[in-house]
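Reading through the structure tokens given below for one structure.
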There are 2 protein chains.
Amino acid sequence: MLKLSNCFISLLYRRKLDFDHTKRGKNTVESITIKDIAKALNLSTSTVSRALRDSSEMNLETKKMVLEYARQMNYSPNPMAVSLRENKSKAIGVILPEIANSFFSQLINGVEEVAYEQGYHVVIFQSHESYEREVANLKYLASRRVDGMLVSLSSLTTDLHPFHSLIEKGMPFVFFDRVPASEKVHTITSDNYQSSYNATKHLLINGKKRIAHLTSPRYLSITTERLEGYRRALIDHDIPYDENLIKFCHYGGAVAQENEQTIRDLLSLPHPPDGILAASDRLTMGCLEHLHKNNIRIPEEIAIVGFTNMPVAGLLDPPLTAVVQPAAGMGKRATELLIQLIESPDQIKGFQHISLPSDLQVRRSSASYI
Amino acid sequence: MLKLSNCFISLLYRRKLDFDHTKRGKNTVESITIKDIAKALNLSTSTVSRALRDSSEMNLETKKMVLEYARQMNYSPNPMAVSLRENKSKAIGVILPEIANSFFSQLINGVEEVAYEQGYHVVIFQSHESYEREVANLKYLASRRVDGMLVSLSSLTTDLHPFHSLIEKGMPFVFFDRVPASEKVHTITSDNYQSSYNATKHLLINGKKRIAHLTSPRYLSITTERLEGYRRALIDHDIPYDENLIKFCHYGGAVAQENEQTIRDLLSLPHPPDGILAASDRLTMGCLEHLHKNNIRIPEEIAIVGFTNMPVAGLLDPPLTAVVQPAAGMGKRATELLIQLIESPDQIKGFQHISLPSDLQVRRSSASYI
DNA sequence: TTGTAGGCGTTATCAT
DNA sequence: ATGATAACGCCTACAA
């Protein structure tokens, strides 16, 4: 039986000097391997491996010794070797429009929470609302062999072929928020129809009669769902639906110029709106900025309700009525589902379509009495 | 010479069915390997490898054939195998307090831009201002064998040993924004002293005489630098430095309760401040919220200047005078330096300390005439 | 109970 | 010009 001394620890991560048989990456941090442990304890690598995997078919003494030594040496298995063997990377790829956005960064928080808990790491890519970059990210993540992907589509994505071809090849996918219209993918969304209905109804109840809807491109399903909620609320309150009041923004708000132009168009209508329902952070802020610039009183002349997760909504001028989506919750649910798809796909029958409730936070931008 | 038919493409990512000699991860996406190419073209793996690496010592015809086939099959090398062999992961670890924060998410944008350009991927971890989580992330990233790390310290970090021990073992590190006071690390910061000096001077010029400074814990170097700028501006304007007006927030603004209490303490001083310089998003918003709640007029009763990168600063009530840090630029510079440290450390002599200029955007919260 | 051998995908070295 | 081999670190079927 070997006696283990504490000085073992000092060997940890030593740089190997006997290292010239091949030109490897220099200046890399070297860690202890199973082979090192085996050598040190006069065992074979398989025995060490067994001990570390806590096999039952072995001498308890040996196992204890190995585990103790490994602990002292701060051993941790080389993830690259494990990945290579298992043909999985324990990594999840995330593709979304941008992270400098309250909604998406909260979403990522939810993703990370679940992922790290389950031993996955998260690799984040931004499409910046560009279809090309989205597809490039997709390819790169596939080539990096991530175990699964979470995606929120760019506002410009219409061709879903690249996604479907990966799905067919067996890559697990879950879409959230900006999901494809197709029924044949897993999706996590917030209750777009209902929250849009409620927001519109709220404006109507506050006496607004010409409510504009500023939204993302029409081929996104969140757009059509929100539009439908908006439309239904109008119908339920006997207000005519006017197509001139619906503005689809190609870049989903990412391009300031487009926002500016759209809002200007809206305000210069022969019969301009007295209320606006804006479908994203950017669109909402664009509105606010433009109304400020033109000294239009909010909500008296024009009321605003915006989809936004910004924590400062209440500190804006005026305090902003907001549809707050359960971003972190959506990230968590999506990740839970994805990991299930990765680890036990047979348990999941059919395609999941999960919808979580949003929260309408009423403030002064839509209700002058507050 | 083999003739290549287009149907090769359909083989891509096929699921291998002859796959029972060992229990591998099921349901994984299988990709084409060098071995597959070799078999298909009746070559050895070494020849294929050589062709793919564009070796000059080989038949041009063969090379062309291999490359064409690989292209058709959409071959991409298995990064796990490459990593294992090269003992490097082409991954950069990032640890920072939180991503749901304009400054940090812009910082990440900068990091990603450079990293992906250079073929690295970025793995992001949040400390959520907890020292324990920070250290746990550090260990995890080390065990994942990232090639280098970018770190912005949690507000509670005082013990830098875990970092230094990794640095000694050869792990490349670059700190940004919240950097250790030590001279013996690479750092990227904004010009904390100067921007704080300018902001304070701006308040003084606008007639404020009792300026409070709401800031992060005192052992962070950004705190001492900003404090020094503030102090110097007071001295230069013959205003006495009053310790009661300096409030260090243990959690750097992350805990709303602490912010609230701190601001309340400040306002209930026998001689309360008429101006506040707040050192972070959270602290600034905490102030704003509290002043709103108590109907204190900004800037007449109390003026505010805040360090913040929020794009909506100008839409707040009142529009907020902001010290805007070059977040994306800091991320880029940090990543460039880190990649240099990883790939050619010999080129870098001594420790780099890069400081980038901030921008003071004057709005109504500090200047009633605007 | 433990050791040996082979393989995951890639590439450098040596041999042909 | 090309092929065989070994090695990166880990795991496991099989042999001892």
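Worth knowing before you read on, the calculation uses all heavy atoms, side chains too, and leaves out hydrogens, waters and symmetry mates. In the text below, chain A, chain B and the rest are named by the order of the sequence lines, each starting its count at 1.
The side chain of A/Thr33 contributes no N or O atom lying less than 4.0 Å from OP1 or OP2 of D/dG9. Phosphate proximity of C/dC8 to B/Lys35: present, with a side-chain N or O under 4.0 Å from OP1 or OP2. Taking 4.0 angstrom as the limit, B/Ser44 places a side-chain polar atom (N or O) nearer than this to OP1 or OP2 of D/dG3. The phosphate of D/dG9 (OP1 or OP2) has no side-chain N or O of A/Tyr75 nearer than 4.0 angstrom. Remark: B/Arg53 is in phosphate contact with C/dT11, judged by side-chain N or O atoms under 4.0 Å from OP1 or OP2. Between A/Thr62 and C/dT2, a side-chain N or O to OP1/OP2 separation shorter than 4.0 Å is present.
What separates CG of B/Leu84 from C1' of D/dA6 is a distance of 13 Å, to the nearest Å. Counting to the nearest Å, the C1' atom of D/dG9 and the CG atom of A/Asn78 are 6 Å from each other. Per the geometry, CD1 belonging to B/Ile37 stands 14 Å off C1' belonging to C/dT11, to the nearest Å. To the nearest angstrom, P of D/dC11 lies 7 Å from CD of A/Glu86. Put simply, CZ on A/Arg85 is 17 Å from C1' on C/dT10, counting in whole angstrom units. B/Asp54 has its CG atom 13 Å from the P atom of C/dT11, to the nearest Å. Residue A/Leu52 contributes atom CG, which lies 12 Å from atom P of D/dT12 at whole-angstrom precision. Atom CD of B/Glu57 is separated from atom P of C/dA12 by 11 Å (rounded to the nearest Å).
With hydrogens and angles left out, the side chain of A/Ser46 and the base of C/dT2 share no donor-acceptor pair within 3.5 Å.
With DNA chain D read from its 5' end, the first of the two nearest nucleotides for A/Arg50 and A/Ile34 is the one closest to A/Ile34.
Taken from CZ in B/Arg144 to CE in A/Met80, the straight-line distance is 9.0 Å, to the nearest 0.5 Å. Atoms CD and CD, on A/Glu336 and A/Gln118 in that order, are 8.0 Å from each other to the nearest 0.5 Å.
Of all heavy-atom pairs between B/Asp147 and B/Ile342, the closest is O-CG1, 3.4 Å.
Residues passing the side-chain hydrogen bond (donor to acceptor under 3.5 Å, both in side chains) test with B/Glu134, sequence neighbours excluded: B/Thr157.
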Checking B/Glu113 against B/Lys332 for the salt bridge (charged side-chain N to carboxylate O under 4.0 Å, His left out) test, could you report, in this order, the C-alpha distance in whole Å, the side-chain angles of both residues, the deciding distance, and whether it holds? CA-CA 7 Å; B/Glu113 193 179 322; B/Lys332 286 172 74 167; 3.4 Å; yes

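Comparing atom distances between the A/Pro77 side chain and each of C/dG9, D/dC10, C/dG3 picks out D/dC10 as nearest.
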